[in-house]
Peer 1: 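The structure that follows is given in the form of structure tokens.
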Amino acid sequence: SLCPPCAAGSISNVTGAFTCTGCGAGQYQSLPGQSVCVDCESGKYNSVAGRSGCQLCDPGRYTSVNGSNGCTDCAAGTYQNLPGASVCLPCATGSYNGATRQSSCALCSPGSFANVTGLQQCYACAAGSAQSSNGKSSCDLCAAGSYMSLPGQLACVLCARGFAVNVNGSIECDQCGAGTYAAVPGSLTCDPCPLGTASSGVGVASCQACDVGTSANVTGSTVCTSCPSGSYQSQQGQSACELCAAGTYMTGTGAALCTPCDAGTISAVNGSTICDPCVSGSVQSASGASACYNCSAGTFAGITGMKVCDACPVGTYNNITGATVCSPCTPGTYQNTPGSVECVECAAGEYNPATGSTGCLACKAGTYANSTGSQECANCVAGKYQSLPASTSCVDCPVGTASASEGLVQCVACAAGTYTGVNGTLACLPCPAGSSQPQSGQSSCIACAAGTYSDGSGLKQCIACGTGKYS
């Protein structure tokens, strides 16, 4: 009979064989009657002899050579999702595989990344970065205004108020320095304190408004400056101090208000540190004044810093404004009313020999003053008299009287034997010859009667004619 062919999975490679030999592990023969076995191709294996075919490597395993009797597990960091593979694939970026014989890779979790293929584990995001998504090949740098001090974080943290950072990838925020602030979270930069504010501390969210009496005239101030002398500030948060208005002053610093000048003093310009006393001749009765006013006529201010003008005392006057003294009334004048602008002349019949008088004197009897403003009274001249005081003229001596002296209060009656027949006679006349006058104060003489005579020597009586004579 004929020799039967070897069955599939076995061969006979010699003549005269009485048996067939099974293909070894890693080989196969799918056809009967063959003399050689075939190696399993890569990706396939055969672990037992006498097989007519090879098995595919399971997913997660591979064989890269022909004639394999088994498959190799994919190493950590690699995978194979198909059966019959000759190679394993590296895990793609953004994924990893920490175990062998895996058919897939796991995505990197948030906070980690894989920037190369074939990783067994993902890298933690470095400080200064974060990643909020799965399967990323890189982490995102913290944006300016945020930071992250720890590795492996899902998100960056905004800079707190009072802190800022203006670069990406920061692990911490910078503290705002003195004179600066950051009002909102996530600030890129610290802002300088605005005008009228200041900050001496660090890491502040807001600057402090300058208090009353202070100001800050530049941005970024660390302290507010006290208002200098002559200025003030009544409101908070101001960039400048105000000059004290005219009529006020401030000697010290840091004032919230200026002080009104006291009565008797003024400040004429803005920004005064002191008030000036009103000069002599001027006054100010109100407080907070910027000017003094001159004393009116009839008043004066003899010293500085007076509140009111003084009235000129009696006996004095002043007819100008701004006077520092009053003038005494001159001789021949007087003033008995305070605050007068002129002196009054003495009336006719009166006089005043002194300065600064409050009244005039009446001319004494025997004197007179016939005009106003007399400094002295004149004596009645010889031939005249005045018996009354305060007279403006003298009276002629009447007939029968005479006055040889000045300043008489009455005339002298002509003595018996004399006479005067006209007014204003300085001396009485003796009765002429042939007459006499037995009485005094007569204006004429009496003719001698018959039988009598007078020789002209001012006889009081005529003389009787002697014996042997007649008249």
Side-chain angles (χ1 to χ4, degrees), residues 314-315 329-336 342-471:
V314 292
C329 292
T330 57
T333 65
Y334 75 99
Q335 185 52 263
N336 58 6
E342 62 182 358
C343 293
V344 181
E345 289 186 330
C346 291
E350 298 178 341
Y351 75 103
N352 182 9
T355 59
S357 294
T358 60
C360 295
L361 302 173
C363 290
K364 294 184 291 185
T367 64
Y368 73 99
N370 60 0
S371 62
T372 60
S374 295
Q375 299 180 26
E376 59 183 2
C377 296
N379 288 327
C380 291
V381 298
K384 294 180 180 290
Y385 78 101
Q386 183 52 264
S387 61
L388 300 175
S391 296
T392 60
S393 62
C394 293
V395 181
D396 287 340
C397 289
V399 293
T401 65
S403 170
S405 301
E406 296 181 347
L408 295 182
V409 298
Q410 63 181 12
C411 296
V412 179
C414 291
T418 63
Y419 77 100
T420 173
V422 295
N423 295 329
T425 300
L426 276 65
C428 294
L429 300 173
C431 288
S435 65
S436 66
Q437 182 51 264
Q439 297 180 349
S440 61
Q442 298 302 305
S443 61
S444 61
C445 293
I446 302 171
C448 290
T452 63
Y453 73 98
S454 168
D455 57 6
S457 58
L459 296 179
K460 298 177 181 179
Q461 295 288 338
C462 292
I463 302 170
C465 293
T467 58
K469 295 181 180 181
Y470 73 97
S471 166

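Worth knowing before you read on, the calculation uses all heavy atoms, side chains too, and leaves out hydrogens, waters and symmetry mates. For the single chain, residues carry numbers from 1 onward in sequence order.
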Peer 1: Can you tell me how far apart CD (Glu342) and CD (Gln335) are? Round to the nearest 0.5 Å.
Peer 2: 8.0 Å
Peer 1: Quick one: closest heavy-atom pair of Ala348 and Asn370, and the distance?
Peer 2: CB-C, 4.1 Å
Peer 1: What pair of heavy atoms forms the shortest contact from Tyr351 to Cys377, and how long is it?
Peer 2: CD2-SG, 3.2 Å
Peer 1: Taking C-beta and beyond as the side chain, do Ser454 and Ile463 meet within less than 4.5 Å on heavy atoms?
Peer 2: no
Peer 1: Has the side chain of Gln442 got a donor or acceptor atom that lies under 3.5 Å from a matching backbone atom of Ser444?
Peer 2: no
Peer 1: Heavy atoms only: give me the nearest Tyr419-Cys445 pair and the separation to one decimal.
Peer 2: CD2-SG, 3.4 Å
Peer 1: To the nearest 0.5 angstrom, please state how far the CD1 atom of Ile446 sits from the CG atom of Leu459.
Peer 2: 12.5 Å
Peer 1: Rounded to the nearest 0.5 Å, what's the gap from CD on Glu350 to OH on Tyr334? Could you check?
Peer 2: 7.0 Å
Peer 1: If you take all heavy atoms of Pro438 and Gln461, which pair is closest and at what distance?
Peer 2: CB-NE2, 3.2 Å
Peer 1: Could you give the distance from CD (Gln437) to SG (Cys462), rounded to the nearest 0.5 Å?
Peer 2: 10.0 Å
Peer 1: With rounding to the nearest 0.5 angstrom, report the NZ to CG distance, Lys364 to Leu388.
Peer 2: 15.5 Å
Peer 1: Among Thr372, Thr333, Asn352, Leu361, which residue satisfies the side-chain contact (heavy atoms from CB on, under 4.5 Å) criterion with Cys346?
Peer 2: Asn352
Peer 1: Say whether, by atom type as modelled, one donor and one acceptor occur between the side chain of Glu345 and the main chain of Gly332 under 3.5 angstrom.
Peer 2: no
Peer 1: State, with a plain yes or no, whether a side-chain heavy atom of Thr418 is found less than 4.5 Å away from one of Leu429.
Peer 2: no
Peer 1: What I'd like to find out is whether the side chain of Tyr385 reaches to under 4.5 Å of the side chain of Pro398, using heavy atoms alone.
Peer 2: yes
Peer 1: Look only at the side chain of Gln386 and the backbone of Ser393, and say whether a donor-acceptor pair between them is shorter than 3.5 Å.
Peer 2: yes
Peer 1: Taking Thr425 for the side chain and Ala427 for the main chain, is one N or O donor matched with an acceptor at less than 3.5 Å?
Peer 2: no
Peer 1: First locate atom OG of Ser403, then atom CG of Leu426, and finally report the distance between them rounded to the nearest 0.5 Å.
Peer 2: 7.0 Å
Peer 1: Of all the heavy-atom pairs spanning Thr358 and Asn336, show the shortest one and how long it is.
Peer 2: O-CB, 3.2 Å
Peer 1: For Cys431 and Ser436, work out which heavy atoms get closest and say how close.
Peer 2: SG-C, 3.6 Å
